[in-house]
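Since this is a predicted model, take the numbers as computed values, not measurements.
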Amino acid sequence: MIRTLRINFIFGKECKKMKKSIIISAIIVLFILGIVIGAILINNFSGEEKETEIAEQNQEEIYDECTDEYEEMVQSNTLVEETSSEGEKISPNCSIIFRRHYNDCGHTIEQYASVPTELVNKTEEDLQEQYQGWTIEEFSRNQIILYRDFDSECGEHYVLREKDGKVVVYLKTGDTEELVEETDIATEFLTETDRIELQNGIEANGRVELNQLIEDYE
C-alpha cells in the first residue's frame with residue numbers, strides 16, 4: 001500500500017510538471033504569434049502610408065504638369081491674339097461706312113460701301129494712307145468706319161409731300177424745292193395723320209433716312 005501511495009505521488013508530481021511545461025509552451029507560442037501578427041500589421045500599415053504618399057506625390061506632379069501646360073497655353077494664346085491684333089488685315093467681305101458731318105447744316109450722313117479690291121488684305125496703316133484726311137473710328141476685318149468734317153451743307157435735305165394722290169420726294173436747297181422722285185404710294189390708303197403730315201411736308205436728312213420713310217409708307 002505504501003508502494004502504491006508512493007507511485008501515485010510520483011505520478012501526480014510528473015503530471016504537474018507536464019501541465020506546467022504545456023502552459024509555458026502555450027505562453028511562448030502565443031507570445032511569438034503576437035509578435036508575428038504585430039509585425040504583419042505594422043508592415044501593412046507602413047505599406048498603406050507609403051502608397052498614400054506616392055499617390056499624393058503623383059497627384060501633385062500631375063497638377064504641376066497641368067498647371068505648367070495651362071500657363072503655356074494661355075501665354076501662347078495671348079501671343080497669338082497680340083500678333084493677330086497687330087497684323088489684322090481687311091477681308092474681302094469687309095464693308096466701309098463713310099460718316100460725313102456737315103458743319104453748315106449740322107447733319108451727319110452715312111454712306112455704306114463694299115471694300116475696294118485694292119484694300120483687301122491691307123492693314124490699318126494702308127487704309128489710313130489711302131484715305132488721308134479721314135479719321136478711322138473703327139477698324140476690324142469685317143467693318144471699317146471713316147469720319148470726316150465738311151464745311152458745307154450735306155446737300156441731301158429731302159421733303160416728302162403729296163402730289164396728285166401720290167407720295168413724292170423733293171430735294172430742298174435753301175428755300176427752294178426740286179422734285180426728284182415720284183413714288184407709287186397712293187395717299188388714299190394712308191391714315192389721316194400721315195396725309196396731314198405729308199401736306200405739311202416730312203423732312204429727311206440723307207438718303208438712308210429718306211429710304212426708311214418711304215418703306216414705312218409702302
Side-chain angles (χ1 to χ4, degrees), residues 77 80-218:
N77 290 340
V80 169
E81 289 177 358
E82 291 177 353
T83 304
S84 176
S85 178
E86 291 175 359
E88 192 168 18
K89 295 182 180 180
I90 302 171
S91 74
N93 298 322
C94 182
S95 62
I96 300 180
I97 300 175
F98 295 93
R99 187 171 290 167
R100 297 175 173 87
H101 179 76
Y102 296 89
N103 295 326
D104 287 358
C105 61
H107 296 141
T108 299
I109 305 298
E110 291 186 348
Q111 177 187 359
Y112 295 78
S114 299
V115 63
T117 305
E118 61 271 16
L119 284 179
V120 175
N121 292 327
K122 297 296 183 179
T123 63
E124 185 174 357
E125 290 74 16
D126 298 327
L127 176 70
Q128 187 65 75
E129 184 177 352
Q130 180 76 15
Y131 291 96
Q132 296 181 9
W134 290 80
T135 299
I136 301 176
E137 289 191 338
E138 181 180 328
F139 180 87
S140 66
R141 284 180 50 83
N142 298 317
Q143 180 169 285
I144 295 169
I145 299 178
L146 299 174
Y147 176 88
R148 187 170 183 176
D149 282 316
F150 293 88
D151 292 328
S152 61
E153 290 188 358
C154 64
E156 294 188 20
H157 294 188
Y158 299 97
V159 180
L160 274 69
R161 295 187 184 278
E162 177 189 6
K163 181 182 179 182
D164 299 330
K166 301 288 185 179
V167 175
V168 297
V169 181
Y170 291 90
L171 177 63
K172 185 177 180 180
T173 305
D175 295 330
T176 304
E177 293 183 2
E178 178 186 357
L179 179 64
V180 293
E181 183 179 350
E182 295 182 3
T183 72
D184 294 329
I185 303 172
T187 57
E188 62 177 320
F189 299 110
L190 300 179
T191 65
E192 183 67 23
T193 301
D194 290 337
R195 288 197 294 270
I196 293 174
E197 289 180 349
L198 286 170
Q199 289 175 2
N200 295 328
I202 303 173
E203 295 187 356
N205 298 317
R207 194 72 198 184
V208 174
E209 186 176 340
L210 172 65
N211 291 338
Q212 185 61 55
L213 283 172
I214 292 175
E215 288 180 5
D216 291 341
Y217 287 122
E218 288 180 342

Check Glu162 against Thr187 and note the closest heavy-atom contact, atom names and distance. OE2-OG1, 2.9 Å
Please say whether more than 12 non-hydrogen atoms of neighbouring residues, nucleotides or ligands are located less than 6.0 Å from CD in Glu129. no
Are Glu110 and Ile145 close enough that some pair of their side-chain heavy atoms sits under 4.5 Å apart? no
Tell me whether Arg207 forms a cation-pi arrangement with Tyr158, defined as NZ or CZ under 6.0 Å from the six-membered ring centre and within 45 degrees of its axis. yes
Chi angles and distances behind the salt bridge (charged side-chain N to carboxylate O under 4.0 Å, His left out) call for Glu177, Arg161: CA-CA 11 Å; Glu177 293 183 2; Arg161 295 187 184 278; 3.0 Å; yes
Is there a side-chain hydrogen bond (donor to acceptor under 3.5 Å, both in side chains) between Asp126 and Gln130? Walk through the geometry before answering. CA-CA 6 Å; Asp126 298 327; Gln130 180 76 15; over 6 Å; no
Give a yes or no on whether the backbone of Trp134 and the side-chain of Gln128 come within a donor-acceptor separation of less than 3.5 Å. yes
Do Asn142 and Ser91 have side-chain atoms, one donor and one acceptor, less than 3.5 Å apart? yes
What closest approach, in Å, do Pro92 and Val120 show between heavy atoms, and which atom pair accounts for it? CG-CG1, 3.8 Å
Just how far is it from atom CD1 of Ile196 to atom CG of Leu190, taken to the nearest 0.5 Å? 12.0 Å
With the side chain counted from C-beta on, respond yes when Glu197 and Asp194 share a heavy-atom pair under 4.5 Å apart, and no when they do not. yes
If you take the centroid of each ring, where Trp contributes its six-membered ring, are Phe98 and Tyr131 closer together than 6.0 Å? yes
Is there a donor-acceptor pair under 3.5 Å between the side chain of Arg148 and the backbone N or O of Thr135? no
First locate atom CG of Asp151, then atom OH of Tyr102, and finally report the distance between them rounded to the nearest 0.5 Å. 11.5 Å
Closest heavy-atom contact between Val159 and Gly201? CG1-CA, 3.8 Å
Quick check: do Thr191 and Phe189 have side-chain heavy atoms less than 4.5 Å from each other? no
Hey, are the side chains of Phe150 and Asn103 touching, using non-hydrogen atoms and a 4.5 Å cut-off? no
Looking only at the aromatic ring of each residue, does the gap between the centers of His107 and His101 stay below 6.0 angstrom? no
Check whether any side-chain heavy atom of Thr123 sits under 4.5 Å from a side-chain heavy atom of Leu127, and report yes or no. no
salt_bridge(Glu182, Lys166) N-O dist < 4.0 Å: no
Between Leu171 and Glu181, is a side chain to side chain contact (heavy atoms under 4.5 Å, CB included) present by the stated rule, with each step listed? CA-CA 9 Å; Leu171 177 63; Glu181 183 179 350; over 6 Å; no
Does His157 reach the side chain of Thr173, with side-chain heavy atoms less than 4.5 Å apart? no
In short, Ile136 meets Leu146 closest at the heavy-atom pair CG1-CD2, 3.7 Å
I'd like to know if the side chain of Glu215 pairs up with that of Asn211 as donor and acceptor (distance under 3.5 Å, no hydrogens or angles considered). no
List the steps, then state whether side chain to side chain contact (heavy atoms under 4.5 Å, CB included) holds for Val168 with Leu160. CA-CA 6 Å; Val168 297; Leu160 274 69; over 6 Å; no
Quick check: closest heavy atoms across Ser140 and Cys94, and the distance to 0.1 Å? O-SG, 4.2 Å
How far apart are the C-alpha atoms of Lys122 and Lys89, what are their side-chain angles, what is the distance that settles it, and do they pass the side chain to side chain contact (heavy atoms under 4.5 Å, CB included) test? CA-CA 5 Å; Lys122 297 296 183 179; Lys89 295 182 180 180; over 6 Å; no
With respect to Cys154, which candidate in Asp104, Ile109, Asn205, Thr108 satisfies the side-chain contact (heavy atoms from CB on, under 4.5 Å) definition? Ile109
Are more than 12 heavy atoms from other residues, nucleotides or ligands located less than 6.0 Å from atom CD of Glu137? yes
Flag, side chain of Thr183 to backbone of Val167, donor-acceptor distance under 3.5 Å: yes
Find the distance between CZ (Arg195) and CD (Glu188) and round it off to the nearest 0.5 Å. 9.0 Å
For Asp184, does the CG atom sit with more than 12 other heavy atoms under 6.0 Å from it, leaving out its own atoms? no
If I compare all heavy atoms of Phe139 with all of Glu88, which pair ends up nearest, and what's the gap? CE2-O, 3.7 Å
Side chain to side chain contact (heavy atoms under 4.5 Å, CB included) between Asn121 and Ile90, worked out: CA-CA 5 Å; Asn121 292 327; Ile90 302 171; over 6 Å; no
